[in-house]
Visitor: 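One structure is given below, represented as structure tokens, and several questions about it will come after.
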Amino acid sequence: MTLDQLESECSRCTKCELCHSRTNTVFGVGKKDADIMLIGEAPGENEDIMGQPFVGRSGKLLDQLLEEVGLSRSKNVYIANMCKCRPPKNRDPKPAETAQCLEWLNRQFQIIDPKIIVCVGRISAQKLISPSFKVTRQHGEFIEKEGRLITATYHPAAILRNINNKPMALADWQAICKKARELGIEL
């Protein structure tokens with residue numbers, strides 16, 4: 001199955017209640033065979049309207065951070081979310097909603113086959129790394145899981161709420177690029 005076929009299948013998903021209020025599924029965007037894959041938590045209002053992850057103020061900041069280290073969604077990363085549909089009023093996704101969407105994400109991992117997974121924010125880090133993961137304390141740490149390196153960094157919304165987090169997030173992205181080069185990933 002191709003990524004485009006999986007996206008088409010996902011767009012018709014009715015596995016949880018979020019399908020009833022979505023405008024669009026937000027499957028993912030970027031280089032379809034990227035070695036670096038970013039995982040957010042769930043689409044917000046702008047993402048639901050546009051059908052793409054990380055648009056609006058948070059997306060602009062994420063793009064800026066990526067650009068500062070030589071990464072971009074058009075040339076060397078793929079960006080997706082844990083949940084493919086927007087939770088009402090941008091609330092955190094419920095565990096059952098995340099569990100239903102995890103199948104889509106795992107299939108994205110199989111097709112894209114990234115070497116590095118970057119959890120962007122608490123929700124994805126706690127689901128993909130550890131339920132007790134604390135972004136404020138453990139951001140930038142790499143662990144190996146199922147043959148892939150996984151790390152986490154601050155969500156752009158957390159940086160917008162507290163600009164003092166930006167230097168730490170930028171350092172995380174620099175470390176991600178350094179680790180990528182160590183793995184022979186061309187950026």
Side-chain angles (χ1 to χ4, degrees), residues 1-13 15-16 18-19 21-87 90 92-93 97-98 100-125 127-128 148-160 169-170 172-173 176-177 180 185-187:
M1 175 172 282
T2 69
L3 199 58
D4 290 336
Q5 290 168 327
L6 184 64
E7 181 174 7
S8 177
E9 189 179 322
C10 180
S11 72
R12 297 184 300 275
C13 181
K15 293 179 182 181
C16 77
L18 296 180
C19 71
S21 60
R22 73 176 177 231
T23 303
N24 290 293
T25 53
V26 180
F27 185 74
V29 66
K31 187 173 186 254
K32 294 181 179 181
D33 62 348
D35 287 321
I36 301 172
M37 190 168 170
L38 286 56
I39 309 299
E41 57 188 50
E45 182 178 15
N46 292 323
E47 289 80 6
D48 182 44
I49 292 167
M50 304 268 306
Q52 292 186 17
F54 289 97
V55 296
R57 289 181 63 220
S58 287
K60 284 181 172 72
L61 179 55
L62 178 63
D63 287 342
Q64 183 182 54
L65 288 165
L66 293 174
E67 186 179 315
E68 286 189 47
V69 297
L71 299 175
S72 80
R73 49 177 97 204
S74 63
K75 71 176 188 177
N76 53 15
V77 301
Y78 190 87
I79 305 173
N81 282 314
M82 294 293 303
C83 282
K84 308 304 182 191
C85 298
R86 176 186 179 216
N90 293 346
D92 286 349
E97 295 161 349
T98 302
Q100 291 297 326
C101 272
L102 198 55
E103 175 190 338
W104 299 116
L105 185 61
N106 284 329
R107 290 170 71 187
Q108 284 176 299
F109 289 154
Q110 290 171 355
I111 294 168
I112 297 167
D113 196 24
K115 291 180 176 70
I116 298 174
I117 295 171
V118 182
C119 298
V120 182
R122 171 183 57 86
I123 300 288
S124 59
K127 187 65 180 174
L128 296 177
R148 294 184 173 95
L149 289 179
I150 304 178
T151 189
T153 190
Y154 290 90
H155 194 286
I159 298 168
L160 291 170
L170 183 57
D172 292 343
W173 288 109
I176 290 162
C177 288
I185 297 171
E186 198 171 309
L187 301 178

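The basis for the numbers below is simple: all heavy atoms, side chains too, and nothing from hydrogens, waters or symmetry mates. Since the structure is predicted, the reported quantities are computational estimates derived from the model, not experimental observations.
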Visitor: Does a side-chain N-to-carboxylate-O contact under 4.0 Å join Arg22 and Asp48?
Guide: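 Answer for the salt bridge query: no.
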
Visitor: Does the side chain of Leu66 reach to within under 4.5 Å of the side chain of Leu38, using non-hydrogen atoms?
Guide: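 Leu66 vs Leu38: side chains touch.
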
Visitor: CD of Gln5: more than 12 outside heavy atoms within 6.0 angstrom?
Guide: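 It does: Gln5 CD has more than 12 such atoms within range.
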
Visitor: With a 4.5 Å limit on heavy-atom distance, are the side chains of Arg122 and Asp92 in contact?
Guide: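 Yes. Closest side-chain heavy atoms under 4.5 Å.
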
Visitor: For Tyr154, what residues pass the ring pair (Phe, Tyr, Trp, His ring centres under 6.0 Å) criterion, not counting sequence neighbours?
Guide: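 Residues passing ring pair (Phe, Tyr, Trp, His ring centres under 6.0 Å) with Tyr154: His139.
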
Visitor: Could you check whether any side-chain heavy atom of Asp35 comes within less than 4.5 Å of a side-chain heavy atom of Pro114, counting everything from C-beta outward?
Guide: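 Of all side-chain heavy-atom pairs linking Pro114 with Asp35, none is under 4.5 Å.
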
Visitor: How close do Ile150 and Leu128 get, counting heavy atoms only, and between which atoms?
Guide: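 Scanning both residues completely, I find the closest heavy atoms to be CD1-O, 4.0 Å.
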
Visitor: Considering residues, nucleotides and ligands other than Glu103, do more than 12 of their heavy atoms fall under 6.0 Å from its CD?
Guide: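 Correct, the count exceeds 12.
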
Visitor: So do the side chains of Val118 and Ile176 get within less than 4.5 Å of each other, counting heavy atoms only?
Guide: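 Yes, their side chains come closer than 4.5 Å.
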
Visitor: Side-chain contact test, heavy atoms from C-beta onward, threshold under 4.5 Å: evaluate it for Val29 versus Phe54 and give yes or no.
Guide: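 Result no, sub-4.5 Å side-chain heavy-atom pair not found.
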
Visitor: Does the side chain of Gln108 come within less than 4.5 Å of Leu3's, by heavy atoms?
Guide: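 Yes. Closest side-chain heavy atoms under 4.5 Å.
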
Visitor: Is the shortest heavy-atom distance from the side chain of His155 to the side chain of Val120 under 4.5 Å?
Guide: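 When only atoms from C-beta onward are counted, Val120 and His155 do touch, with a gap below 4.5 Å.
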
